[in-house]
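Below is one structure; the comments refer to it alone.
Atom set for the values below is all heavy atoms of this structure, side chains included, hydrogens, waters and symmetry mates excluded.
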Amino acid sequence: FFHRAPFNIIEDIEYDLPNSPNIHHGRFHTMTGYDHANQMTPSDEDLCATLSMLCQRFGLHYGILHTCTLDSMGHRFAHSCPEMDQACMQMDETLARYIPLWQKMGYEVMVTADHGQDDRGHHGGQHPDQQDFALYYFGTALPIIDHKTLLDQRQLAPTILNLLNVTIPETMQQPIFLQR
């Protein structure tokens, strides 16, 4: 996601390069201070506000927000516990404030995860609990699959490219699940 490698915190933490072949506008966070006791660095509220500011300032065609809070909380506490319930409630409250704002700005919103997690906080294995993920879509595209169909995460990228009217590379073989 970075403009260049290696990442230089002073020069790369924030940039606006409209003619860049890669990311045109970026705000990055180092996660300094993130540890077992501090699972929410940076704050999800701060991340949502930053994305909203970039959308307002630059009229982005596509924005991505990656938060580690729920992933980190799942690793630390697993799923069936008050700490995870609280983290999910906070994320829900944050998104409830920002999704309507983003929609009012003309954006469609997908909320998803990069993997599932089992009840012990593990992921990356072969068990469905470790691979299945949630996906919520707030927009006008129409589903072309039954809402009960289990998605393959590799369907996400071609679906987003299709919605943006960008050519889907031949290497992306999974079918799209939304269309206009």
Side-chain angles (χ1 to χ4, degrees), residues 1-9 11-31 34 42 44 47-48 50-52 54-55 57-75 79 91 95 98-99 102-103 105-118 121-180:
F1 292 130
F2 301 124
H3 171 63
R4 65 177 155 232
F7 178 77
N8 179 312
I9 188 170
E11 295 177 17
D12 297 328
I13 199 162
E14 179 175 316
Y15 64 84
D16 297 299
L17 303 168
N19 296 322
S20 170
N22 300 312
I23 298 172
H24 299 169
H25 308 284
R27 306 297 183 268
F28 299 98
H29 304 274
T30 66
M31 303 297 284
Y34 174 86
D44 295 327
L47 293 172
C48 288
T50 298
L51 178 60
S52 300
L54 289 170
C55 290
R57 188 179 294 170
F58 300 108
L60 304 179
H61 295 291
Y62 174 78
I64 185 169
L65 184 150
H66 181 268
T67 172
C68 294
T69 302
L70 295 181
D71 184 39
S72 298
M73 294 296 286
H75 287 298
H79 289 285
M91 179 63 75
L95 289 174
Y98 284 95
I99 289 173
W102 296 330
Q103 287 179 304
M105 295 166 74
Y107 292 98
E108 299 180 61
V109 179
M110 284 186 193
V111 178
T112 191
D114 58 347
H115 57 74
Q117 239 173 20
D118 66 20
H122 301 292
H123 66 79
Q126 298 300 313
H127 194 273
D129 284 352
Q130 294 181 23
Q131 293 186 346
D132 294 350
F133 60 97
L135 184 134
Y136 302 93
Y137 172 69
F138 305 87
T140 59
L142 301 173
I144 55 176
I145 58 171
D146 181 271
H147 74 280
K148 294 180 182 179
T149 300
L150 187 63
L151 296 174
D152 182 312
Q153 199 165 50
R154 294 171 294 172
Q155 291 176 267
L156 188 60
T159 298
I160 291 170
L161 292 173
N162 181 63
L163 294 176
L164 291 168
N165 294 317
V166 174
T167 302
I168 299 170
E170 290 182 23
T171 56
M172 292 184 182
Q173 299 293 313
Q174 295 295 320
I176 64 172
F177 57 88
L178 293 170
Q179 73 178 5
R180 299 218 188 278

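- Rounding to the nearest 0.5 Å gives a distance of 5.0 Å between CG of Leu135 and CZ of Phe177.
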| said: Tyr136 vs Val109, test: side chain to side chain contact (heavy atoms under 4.5 Å, CB included). Steps then yes/no. | reply: CA-CA 8 Å; Tyr136 302 93; Val109 179; over 6 Å; no

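- Note that the OG1 atom of Thr69 and the CE atom of Met91 stand 5.0 Å from one another [nearest 0.5 Å].
- Rounded to the nearest 0.5 Å, atoms CD1 (Ile144) and OG1 (Thr159) are 7.0 Å apart.
- In plain terms, the two heavy atoms of Ile99 and Phe138 that are nearest each other are CD1-CE1, 3.6 Å.
- Residue His24 holds its NE2 atom at 13.0 Å from CG of Leu54, rounded to the nearest 0.5 Å.
- Residues that satisfy the side-chain hydrogen bond (donor to acceptor under 3.5 Å, both in side chains) test with Ser52, not counting sequence neighbours, are Trp102.
- The CG atom of Leu142 lies 7.0 Å from the CD atom of Gln179; values are rounded to the nearest 0.5 Å.
- Within the 3.5 Å criterion, the main-chain N or O of Leu156 finds no donor-acceptor partner in the side chain of Gln174.
- For Ala157 against Met172, the heavy-atom pair with the smallest separation is CB-CE, 3.9 Å.
- When the ring pair (Phe, Tyr, Trp, His ring centres under 6.0 Å) test is applied to Phe58, the partners found at least two apart in sequence or on another chain are His25.
- Of the possible donor and acceptor atoms, none in the side chain of Asn162 sits under 3.5 Å from a partner among the backbone N and O of Pro158.
- Of the inter-residue distances, the one linking Thr112 atom OG1 with Ile160 atom CD1 reads 9.0 Å to the nearest 0.5 angstrom.
- Here the shortest heavy-atom pairing between Leu161 and Ile168 reads CB-CG1, 4.1 Å.
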| said: Is there a side chain to side chain contact (heavy atoms under 4.5 Å, CB included) between Leu163 and Ile176? Walk through the geometry before answering. | reply: CA-CA 9 Å; Leu163 294 176; Ile176 64 172; over 6 Å; no

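- The closest donor-acceptor contact from the side chain of Arg154 to the backbone of Pro175 lies at 3.5 Å or more, if one exists at all.
- Partners of Tyr107 by side-chain hydrogen bond (donor to acceptor under 3.5 Å, both in side chains), not counting sequence neighbours: none found.
- The side-chain heavy atoms of Arg27 and Asp16, taken from C-beta on, include a pair separated by under 4.5 Å.
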| message | Walk me through whether Leu47 and Asp44 qualify under side chain to side chain contact (heavy atoms under 4.5 Å, CB included). | response | CA-CA 5 Å; Leu47 293 172; Asp44 295 327; 4.2 Å; yes

